[in-house]
Amino acid sequence: MVAAIGGTRQRVQTHANFDLLRELINGYEFDQVGIVVPEMILGFKNDRQGTARRLPGQCRLDAGEHEAIATVQVTQFSRPILNLLALQVKQAITQRDPTAVFNHHIVMKKGSTPKTAGMNPKPLASSPVQGLLGELSVEQFLQRHWQRKPLLVRSAIPGMLAAVMVPPERLFEHAASDAVESRLVSQRGQATRRWSVEFGPFDALPSSRRRNWTVLVQGMDLVEDAAHKILQRFRFIPDARLDDVMISFATAGGGVGPHVDSYDVFLVQATGNRRWGIGPAPRPQWVEGLPLRILQNWEPTEIYDLGPGDMLYVPPGWGHDGVALDACTTWSIGFRTPSRHEFLSAWLGDQAELSADLTGTSRDDRFRDPKREPTAHPAQIPMDLRKTLHQWVEAWRTDERTRLATLDGFIGRHLSEPKAHIFFDPPGRPLSQKRFVQFASRHGVALDRRTRMLYDERHLFVNGEVDPVKPDRALRLLADQRAWTPSQSARILVNELITERVYSWYLAGWMLVTPAQLDTD
Ligand code: SIN
Ligand code: CO
């Protein structure tokens, strides 16, 4: 079943299962949701009566790899079924106007152009971001602002209350741990602005009564549920581009100074108030002799005071300077923008590792010169050494097909690689595989916050590895939702191959048996 979100091309593609549907449509108005039945799968064209018979047991129908979705023609056989589905949708959302959903079907009937669902359903990414971008839809934001110009959103995250967030004391505890990256930036002398930077872990931080300092703690989404949840709201941008949530605490006057970042950032004010000056910095110059990059000869063109829940989007290359007006916390949702240099050096490093295997040798080759003659020119690079090095590069170069065939695999491994300091905690007393499946069917499963699961057409990548299993529909759903509901788990975990893989992720601590929380929650 596909629930089409009215008026837009976004879709919630899901299995024909009402429980799941109920969860996925949470947050939509009923008139935003319609029903499209996959014609190929239910076979309306060929077997309308048979379909009618099969529908009551539809939980067992599997969309499998069939991607072609057509708006169903409403016939005398399908009308009652559609009405039944519509009722279910309606009950799941609201009790208002019982005719509305049916009308929606008629609209769908009139607009009978067949639609094709892409390989990658976009349900969660397109789900409502509820004021996160102010008046703008995700599409408008992406067209007008993303990577182009800043956007200020007042009350973007109104529930951003200190009580449900990460209080400063807890942030300081993280800053004291060597499992997270933290920095302390302080200034002395308002006029001279002498900056200092120290790197954590910090046993002690300056007194909160002292002005002009800030502590910044990276990767909070990996350790704090609230931060993980906020990050999920930004999944209208692909995971491969998302980086982390950094939380900073500053006393009045504190900040990291005017600077530019090479990546996009959403600056969400959590508690207290901060004044942001922003302005283009097309050819940034830095103040010399400082331990951090502070823009020189840069003036903000716009100034905004942000209070709790307000958010400022700053594209890469825009100067920004946030000064705490009082003790405040700011959450930065940061993105990854790999540079050519970074990517090529990672890939070439990987190629070097691979080259020993490609030539069939399990060990690395090493230059040898048993016939070395005495040299009268010790500073000259010997020709035999140069020749061998040339040969190694030539052998690598001529093996182009093999190299390109492995490139997509490397891209996925590289992009799904957790940061160096991330370690997973395998379950202390693991369930047997049978018990795991039972638990999963009762409670659902969810990826650990730290797990990075990505896919392309041919590969599934988990935490820097290409998984042996192909990314079929169920696994793509897991990667997109980061969870399976109990009913999804029950249905999917009858497949032995998938069960074996999922169980191995559970044993590695990459996945949890838990009441599944869809990331749109
Ligand atoms: C801060 O939180 O003080 C700095 C965030 C940023 O500029 O990216
Ligand atoms: Co910045």
Side-chain angles (χ1 to χ4, degrees), residues 147 149-152 156-157 160 162 165-166 168 171-172 174-175 180-187 193 195-200 202 205-206 208 211-221 224 227 230-231 234 241-281 284 286-287 290-296 298 300 302-337:
Q147 300 241 302
K149 57 177 184 178
L151 175 70
L152 171 72
I157 307 184
M160 195 96 184
M165 292 294 135
V166 181
L171 191 66
F172 300 164
H174 287 306
V180 295
E181 290 170 52
S182 53
R183 273 174 303 154
L184 171 67
V185 178
S186 1
Q187 308 155 52
R193 288 194 120 189
W195 296 91
S196 78
V197 184
E198 290 163 67
F199 294 90
F202 299 102
L205 287 163
S208 305
R211 289 176 57 92
N212 301 341
W213 65 270
T214 178
V215 63
L216 306 104
V217 191
Q218 298 283 154
M220 285 293 93
D221 51 298
E224 288 287 347
I230 293 268
L231 189 62
F234 294 86
R241 290 278 275 110
L242 281 177
D243 193 4
D244 72 344
V245 177
M246 176 183 81
I247 305 185
S248 68
F249 168 86
T251 57
V256 296
H259 66 284
V260 283
D261 296 318
S262 52
Y263 46 81
D264 313 76
V265 63
F266 287 91
L267 300 157
V268 182
Q269 196 57 31
T271 60
N273 297 279
R274 170 163 258 168
R275 176 162 297 166
W276 283 100
I278 57 172
W286 314 109
V287 181
L290 293 182
L292 72 176
R293 286 186 150 193
I294 301 282
L295 279 172
Q296 195 179 35
W298 172 86
E302 292 152 66
I303 292 185
Y304 302 110
D305 288 353
L306 268 64
D310 294 344
M311 182 176 82
L312 182 63
Y313 163 71
V314 182
W318 271 67
H320 50 291
D321 181 17
V323 180
L325 297 175
D326 43 33
C328 72
T329 38
T330 303
W331 294 33
S332 304
I333 288 80
F335 292 80
R336 300 169 170 219
T337 42

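Atoms within a ligand are numbered from 1 in the order they appear, just like the ligands themselves.
With respect to the Co ion (ligand 2), Asp261 has OD2 as its nearest N, O or S atom. Its N, O or S atom nearest to the Co ion (ligand 2) is what matters here, and for His259 that atom is NE2.
Looking at Ser248 next to ligand 1, an N or O pair under 3.5 Å apart turns up. Considering backbone and side-chain atoms alike, Thr214 places every N or O at 3.5 Å or more from each N or O of ligand 1.
Comparing Asp261, Val185, Thr330, Leu216 by heavy-atom distance to atom 4 (C) of ligand 1, the nearest is Leu216.
Proximity to His320 (heavy-atom distance under 4.0 Å) selects the following atoms of ligand 1: 6 (C), 7 (O), 8 (O). Under a 4.0 Å criterion applied to the non-hydrogen atoms of Met246, ligand 1 contributes the atoms 5 (C). With ligand atoms numbered from 1 in the order given, ligand 1 contributes 5 (C), 6 (C), 8 (O) to contacts under 4.0 Å with heavy atoms of Leu267. The ligand atoms of ligand 1 that sit less than 4.0 angstrom from a heavy atom of Trp276 are 7 (O).
The CG atom of Leu184 sits 7.0 Å away from the CH2 atom of Trp213 when rounded to the nearest 0.5 Å. In this structure, the separation between CG on Asp326 and CZ on Arg211 is 10.0 Å, given to the nearest 0.5 Å. Here Trp195 contributes atom CH2 and Leu290 contributes atom CG; the two are 8.5 Å apart, rounded to the nearest 0.5 Å. With values rounded to the nearest 0.5 angstrom, Phe199 atom CZ is found 10.5 Å from Leu216 atom CG. One finds the OG1 atom of Thr329 at 8.0 Å from the CG atom of Leu171 (value rounded to the nearest 0.5 Å). Interatomic distance, CG of Leu306 versus CG of Leu312, reported as 6.0 Å (0.5 Å rounding).
Listed here is the closest heavy atom pair of Val215 and Ala175: CG2-CB, 4.2 Å.
The ring of Phe335 has its center closer than 6.0 angstrom to the ring center of Phe266.
Proximity of Gly322 to ligand 1 is not established, as no heavy-atom distance is less than 4.0 Å.
Checked by atom type, the side-chain pair Asn212/Gln187 shows no donor-acceptor distance below 3.5 Å.
The side chain of Arg274, and not its backbone, has at least one atom closer than 4.0 Å to an atom of ligand 1 (non-hydrogen atoms only; side chain from C-beta on). Residue-level proximity to ligand 1 for Phe249 is absent, since no heavy atom of it falls below 4.0 angstrom.
Scanning all protein heavy atoms for the shortest distance to atom 5 (C) of ligand 1 gives Ser332 OG, 3.4 Å.
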